[in-house]
Amino acid sequence: MSELSTVYNARETEKEIYKFWEDNNCFRANAKSDKPPYSIVIPPPNVTGVLHMGHALDETLQDILIRYKRMSGYEALWMPGCDHAGIATQNVVEKNLAKENKTRHDLGREKFVETTWEWANEHKDRILEQCKLLGASFDLSRKRFTLDEGCSNAVKKVFVDLYNKGLIYKGNYIVNWCPRCQSAISDVETNYETEPGNLWEISYALLDEPGAIVIATTRPETMFGDVAIAVNPNDYKYKDLIGKTCVMPLTGRRIPIIGDDYVDKSFGTGALKITPAHDPNDFEVGKRHNLEQIKVIDECGNMMVNEYVPPQIQGLNRVEARKKTVEMLKENEVLVRVVEHTHNVGKCQRCSTTIEPLLSTQWFVKMKPLAKPAIEAVKTGKIKFIPQRWEKNYLMWMENIRDWCISRQLWWGHQIPAYYHNQTGEMVVALENPDPNNYTQDKDVLDTWFSSGLWPFETMGWPDTNSEDYKKFYPTSTLVTGFDIIFFWVARMITMGLEFTNQAPFSTVYIHGLIRDELGQKMSKSKGNTIDPVDLIEKYGCDALRFTLTYLCTYGGQDIKISDEKFEFGRNFANKIYNAARFVLMNITKKDLTIDYNNLSIADKWILNELNECTKLVVDNLENFRIGEVASILYEFFRTKYCDWYVELSKIEKNEAVLVYVLDKFLRLLHPIMPHITEAIWQKMPVKKDEIGILFASYPTFDDKLKFNNDAKKMETVFETIKALRNIRAEFNIPLGLKIDIIIDNNEELYSQIIPYLNRLAKVNEVRFEKESNIKKSAYCTVNDTKITVPLEDLIDLDQEIKRQTKKADKIKLELTSIEKRLNNPNFTNSAPKDVVSKTQEKKEELLQELQLIEETINKLS
RNA sequence: GGGCGUUUAGCUCAGUUGGUAGAGCGCCUCCCUUACAAGGAGGAUGUCGGGAGUUCGAGCCUCUCAACGCCCACCA
């Protein structure tokens with residue numbers, strides 16, 4: 001903190017402070033500590049990732065919880081790390097190769113993986129380094145990578161165990177195939193987009209008799225893989241055709257007409273071509289009817305070269321193939337009509353390429369048995385979602401879960417620990433290759449989410465359940481993430497955690513909203529609407545970024561709309577704190593700053609009471625993950641209570657011990673949200689410090705000895721009075737230089753104590769206590785049961801004052817009417833709780849009294 | 001098709017067991033009062049999306065309608 005500048009230099013301070021924490025190893029958790037554990041594992045950012053606003057929010061919230069618990073007597077561990085991000089990383093490296101006109105096949109698998117490791121090692125720390133700019137207090141000495149040795153061992157063990165339990169199997173099924181990634185992807189990695197398309201109606205002639213059956217399809221090129229035409233058995237139009245045979249146009253292949261309930265009579269023509277090798281539903285129908293599976297599109301998205309595909313179409317890519325097929329159908333006059341039809345098309349989440357449903361041999365996890373305990377854990381409350389509504393979402397997905405396709409035809413990732421005998425083809429699933437000379441490992445790697453599903457325990461040393469970290473920090477406490485990866489990640493961690501550690505991997509899942517731009521749109525590079533958190537940090541400071549995000553983060557987990565300017569809010573607050581602290585510290589003259597509880601002014605008691613109330617609220621809200629509320633409570637307390645009133649009052653009469661005490665506690669309360677500025681100021685505080693930094697200082701809690709409710713109430717009266725007098729000054733344009741006299745008709749004991757406050761804060765000259773004042777040319781204000789007269793002579797326009805008072809009276813009358821209506825209603829007085837009734841009664845009396853005072857005033861003026 | 005969310009001051013949004021509304025930004029007036037103009041003082045602004053119901057009393061609970069958004073399913 002410079003003594004000169006009135007503007008807080010956030011970046012300079014933040015860099016200095018973060019370095020101080022790092023140099024002192026402040027974030028290193030001690031597995032041998034006696035303190036109770038509190039642990040969070042970071043949602044591992046992709047190694048390809050660059051810090052974005054989503055991370056900024058997610059990391060900030062985790063850091064707040066970690067710092068809060070660290071100050072509250074817990075051994076807090078925040079486990080950092082990165083995800084190897086199979087497809088994403090492989091894409092990046094392949095793109096780099098493409099620049100040299102090479103493909104991964106030019107390098108070969110071994111060399112390619114080596115190259116990818118090089119790239120990963122170079123970039124592995126990039127995003128975690130960026131997280132440091134956010135003030136993250138994670139323990140980098142424990143940093144992990146989902147592809148490191150420990151994680152690899154965990155993955156192998158889990159795979160082998162699941163296989164041995166019969167929960168992993170290899171099978172031939174329809175998968176979502178991305179022709180660009182050249183890999184199968186899972187259902188959750190497939191997004192559906194609505195696209196305009198056509199419904200082509202094609203006529204298949206009946207065999208050996210006149211007539212034809214017309215089917216409708218959105219993918220005519222797959223017709224060559226047809227093995228049947230299906231109709232609904234209850235469809236009178238087609239009923240009689242079941243069992244007959246028809247002839248496929250263009251190829252002349254004969255296929256049966258079958259009946260199946262799956263067919264929707266009302267859609268299209270009511271007749272459906274069955275292509276089991278290229279459509280998941282057709283696959284099921286095909287199985288029910290023991291039909292052949294004919295693959296006609298290959299893994300590159302090209303039409304296959306085989307006897308099923310007409311020569312003109314063989315080898316064409318699927319787009320050209322469709323065109324050509326339609327053309328040929330037209331020529332053969334079997335294209336009945338083309339109907340425009342918008343439909344949903346599966347896209348690869350990574351590269352947006354249209355998915356090709358494809359028959360393929362893949363590895364799957366049988367999810368139903370694994371899901372069961374994972375459902376129970378949430379239903380019984382072992383795991384709680386905040387906000388709770390996400391539980392429903394999670395349960396719905398888990399209850400309808402389908403098997404998880406875990407094999408990927410990539411080179412970057414955990415290679416599947418299945419080994420095939422070179423001669424016999426016999427398969428062995430084991431931790432190690434049983435005999436490298438005779439067995440070859442499965443070529444496929446595992447879905448990235450397979451290893452991240454183990455993240456909470458693989459990072460803690462599992463499968464070594466005796467490791468210190470595992471014993472101390474597992475299960476973890478809270479998981480913080482956005483709702484977009486509940487299925488991808490959270491659900492899988494829960495299933496895997498329960499299966500392999502017999503414990504829920506965390507007890508609370510705190511789900512926050514997503515960051516969006518001002519218009520509520522998702523931020524994306526292609527839209528060009530991204531805001532770079534690093535830029536914001538440079539411009540406004542990290543604490544400002546954190547505070548603003550936190551303030552905007554509501555309990556309901558609503559998405560957060562941001563724009564650059566919104567962060568001025570946090571910056572301004574930081575600046576305010578800096579200046580207030582500077583002022584307080586500049587004015588400390590005493591060595592002994594112990595509070596003398598026998599010698600406190602009502603102002604002192606008021607601020608201590610307010611601090612205490614604020615503390616209670618902050619702690620309650622932190623415990624309940626109402627973090628946005630915490631930010632707003634602290635903002636309100638500091639600005640409107642501490643700065644606007646207490647510090648102002650201290651210019652008149654100060655209690656240095658209380659000034660410092662409140663600032664100290666406030667800094668501690670705020671530290672989890674704004675760690676740097678609070679640390680920087682705290683280091684300069686003249687309080688006894690047992691700890692190296694505020695990050696280890698004890699978090700304040702509610703304290704009975706700070707309860708001063710009565711004095712606090714009196715002080716509120718004082719503030720009311722000052723505000724009322726200021727209001728008079730403003731309304732009658734009384735220049736600040738011109739002091740006013742006031743006449744007070746009541747409550748002399750209190751008012752005589754606060755004359756200096758009135759002098760300074762309302763520019764009052766003389767205070768007189770008189771029951772009756774006869775000075776007509778006055779402005780009036782009432783505070784509770786007290787009338788205050790401000791003689792103004794020529795400064796006052798009496799008509800204006802009458803208007804002012806009448807307006808007030810009207811407002812009170814309006815409120816009185818409503819209150820009286822309530823009180824006169826026997827239903828209210830009988831059925832409402834007694835304290836509500838008595839409070840209403842009190843309110844009525846107060847209003848009546850005030851109204852009386854005002855009416856007297858009006859009468860006098862008129 | 002199923003589920004969820006949102007609708008409150010010009011804008012962005014709070015509002016925790018139902019007791020008649022708040023903040024930030026913006027706006028108007030005044031003030032460079034020696035911590036802070038990234039500040040201070042004062043002020044204006046709302047039939048709480050529409051309708052119905054429960055209740056003594058509804059922004060909050062129930063039903064219904066509407067608009068916008070999201071998720072799941074993927075009827076060729």
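Residue numbers start from 1 in every chain, and the chains themselves are labelled A, B, ... in the order their sequence lines are given, proteins ahead of strands. If you're wondering where the values come from, they're calculated on a predicted model, not measured in any experiment.
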Heavy atoms only, 4.0 Å cut-off, all strands: where does A:F569 land among base, sugar-phosphate and nothing?
sugar-phosphate

Do A:K384's NZ or CZ and the ring of A:Y510 fall within the cation-pi criteria of under 6.0 Å and 45°?
no

Which nucleotide, if any, forms a Watson-Crick or G-U wobble pair with B:G18, using both distances under 3.5 Å?
none

Between B:C61 and B:U55, how far apart are the C1' atoms? Round to whole Å, please.
10 Å

When you measure from the side chain of A:Q558, which nucleotide among B:U16, B:C75, B:A14 comes out closest?
B:A14

Mapping A:K273 and A:D644 to their closest nucleotides on RNA chain B, which lands nearer the 5' end?
A:D644

Using only heavy-atom distances, determine whether the side chains of A:K723 and A:T721 contain a donor-acceptor pair under 3.5 Å.
no

Closer than 4.0 Å, any side-chain N/O of A:K566 to the OP1 or OP2 of B:G24?
no

Integer-rounded Å distance: B:C72 P and A:F483 CZ:
10 Å

Have a look at A:K561 and say if it touches a base, only the backbone sugar-phosphate, or nothing, with a 4.0 Å heavy-atom cut-off.
sugar-phosphate

Which part of the nucleic acid, if any, lies within reach of A:F573 when heavy atoms closer than 4.0 Å are counted: base, sugar-phosphate only, or nothing?
nothing

Considering only the C1' atoms, how many Å lie between B:U45 and B:U33, rounded to the nearest integer?
29 Å

Go ahead and name the base partner of B:U55; Watson-Crick or wobble counts if both distances stay under 3.5 Å, otherwise write none.
none

What's the closest nucleotide to the side chain of A:A580 if the choices are B:G43, B:C71, B:A35?
B:A35

For the pair made of CD1 in A:I486 and C1' in B:G5, what is the distance, rounded to whole Å?
13 Å

B:A35 P sits how many Å from A:K684 NZ, rounded?
19 Å

Name the pairing partner of B:C68, where a pair is Watson-Crick or G-U wobble with both distances under 3.5 Å, or state none.
B:G5

Rounding to the closest angstrom, what is the interatomic distance between B:U47 and B:U8 at atom C1'?
12 Å

For atom CD of A:E284 and atom C1' of B:C74, their distance in whole Å
14 Å

A:K522 side-chain N/O to B:C70 phosphate OP1/OP2 under 4.0 Å:
no

Can you find a side chain N or O atom of A:N572 that sits less than 4.0 Å from OP1 or OP2 on B:G39?
yes

Take atom CG of A:D559 and atom P of B:U7, then tell me their distance rounded to the nearest Å.
13 Å

Is it true that a side-chain atom of A:T548 and a backbone atom of A:G570 form a donor plus acceptor pair closer than 3.5 Å?
yes

Charged tip of A:R571 within 45° of A:Y540 ring normal and under 6.0 Å
no

Just N and O in the side chain of A:R639: are any of them under 4.0 Å from OP1 or OP2 of B:G24?
no

Regarding the side chain of A:A832, the nearest nucleotide among B:A35, B:C75, B:G19 is B:G19

Is any N or O donor-acceptor pair between the side chain of A:K651 and the base of B:A35 shorter than 3.5 Å?
yes

Phosphate oxygens OP1/OP2 of B:G39: is one of them under 4.0 Å from a side-chain N or O of A:N579?
no

Between B:U16, B:G19, B:G40, which nucleotide gets closest to the side-chain atoms of A:E629?
B:U16

In whole Å, measure the gap between the P atoms of B:G26 and B:U64 for me.
43 Å

Any donor-acceptor pair under 3.5 Å joining the side chain of A:E648 to the base of B:A35?
yes

A:R822 side chain: which of B:G43, B:A76, B:G19 is closest?
B:G19

Both A:N191 and A:A271 contact RNA chain B. Which one's nearest nucleotide lies toward the 5' end?
A:N191

Please work out whether the ring planes of A:F666 and A:F638 are parallel, tilted or perpendicular, with thresholds of 30° and 60°.
parallel

Closest listed nucleotide, where the reference is the side chain of A:Y551 and the choices are B:G24, B:C70, B:G19
B:G24

Checking A:R492 against A:W404: charged group under 6.0 Å from the ring centre and within 45 degrees of the axis?
yes

Tell me which nucleotide among B:C74, B:G42, B:A35 gets nearest to the side chain of A:C643.
B:A35

Across all strands, who's sitting opposite B:A41 as a Watson-Crick or G-U wobble pair, both distances under 3.5 Å?
B:U29

Kindly say whether, by distance alone, the side chain of A:N825 makes a donor-acceptor pair under 3.5 Å with the base of B:C56?
no

Side-chain N or O of A:Y262 versus OP1/OP2 of B:C75: is the shortest distance under 4.0 Å?
yes

A:F638 CZ - B:G24 C1' separation (whole Å):
18 Å

Nearest listed nucleotide, side chain of A:N827, among B:A35, B:C56, B:G42:
B:C56

Would you mind reading off the distance between A:I562 atom CD1 and B:G24 atom P, rounded to a whole angstrom?
21 Å

Which of these nucleotides, B:A76, B:A35, B:A14, is closest to any side-chain atom of A:F583?
B:A35

B:U6 and B:A44, which share atom name P, separated by this distance in whole Å
32 Å

Gap in Å between the two C1' atoms, one belonging to B:A23 and one to B:A14, rounded:
7 Å

Would you classify A:V584 as touching base, sugar-phosphate or nothing, given that sugar-phosphate means primed atoms plus P, OP1 and OP2, and contacts are heavy atoms under 4.0 Å?
nothing

Within the pair A:R402 and B:C74, is there a side-chain N or O less than 4.0 Å away from OP1 or OP2?
yes

Is A:K763 touching bases, backbone alone, or none of the nucleic acid, heavy atoms closer than 4.0 Å?
nothing

In plain terms, say whether A:K561 and A:D517 are close enough for a salt bridge, that is, a side-chain N and a carboxylate O under 4.0 Å apart.
no

How far does the P atom of B:U7 sit from the matching atom of B:G59, given to the nearest Å?
15 Å

Checking contacts here: which listed nucleotide (B:A38, B:C70, B:C36) is nearest the side-chain heavy atoms of A:R571?
B:A38

Name the nucleic acid region contacted by A:R389, choosing base, sugar-phosphate or nothing; use a 4.0 angstrom heavy-atom cut-off, strictly under.
sugar-phosphate

Nearest-angstrom distance from the residue atom CH2 of A:W397 to C1' of B:C72
11 Å

Taking only side-chain N and O atoms of A:T554, does any of them lie within less than 4.0 angstrom of OP1 or OP2 on B:A14?
yes

What contact category does A:K839 fall into here, base, sugar-phosphate, or nothing, at under 4.0 angstrom with non-hydrogen atoms?
nothing

Indicate whether OP1 or OP2 belonging to B:A76 is found under 4.0 Å from a side-chain N or O atom of A:H341.
yes

Determine the interplanar angle of the A:W397 and A:F487 rings, folded into 0 to 90°, and report it as parallel if under 30°, tilted if 30 to 60°, perpendicular if over 60°.
parallel

A:R804 and A:N727: side chain donor to acceptor below 3.5 Å:
yes

Pick base, sugar-phosphate or nothing for A:N575, based on heavy-atom distances below 4.0 Å to the nucleic acid.
base

Would you please say whether a donor-acceptor pair under 3.5 Å links the side chains of A:Y204 and A:D226?
yes

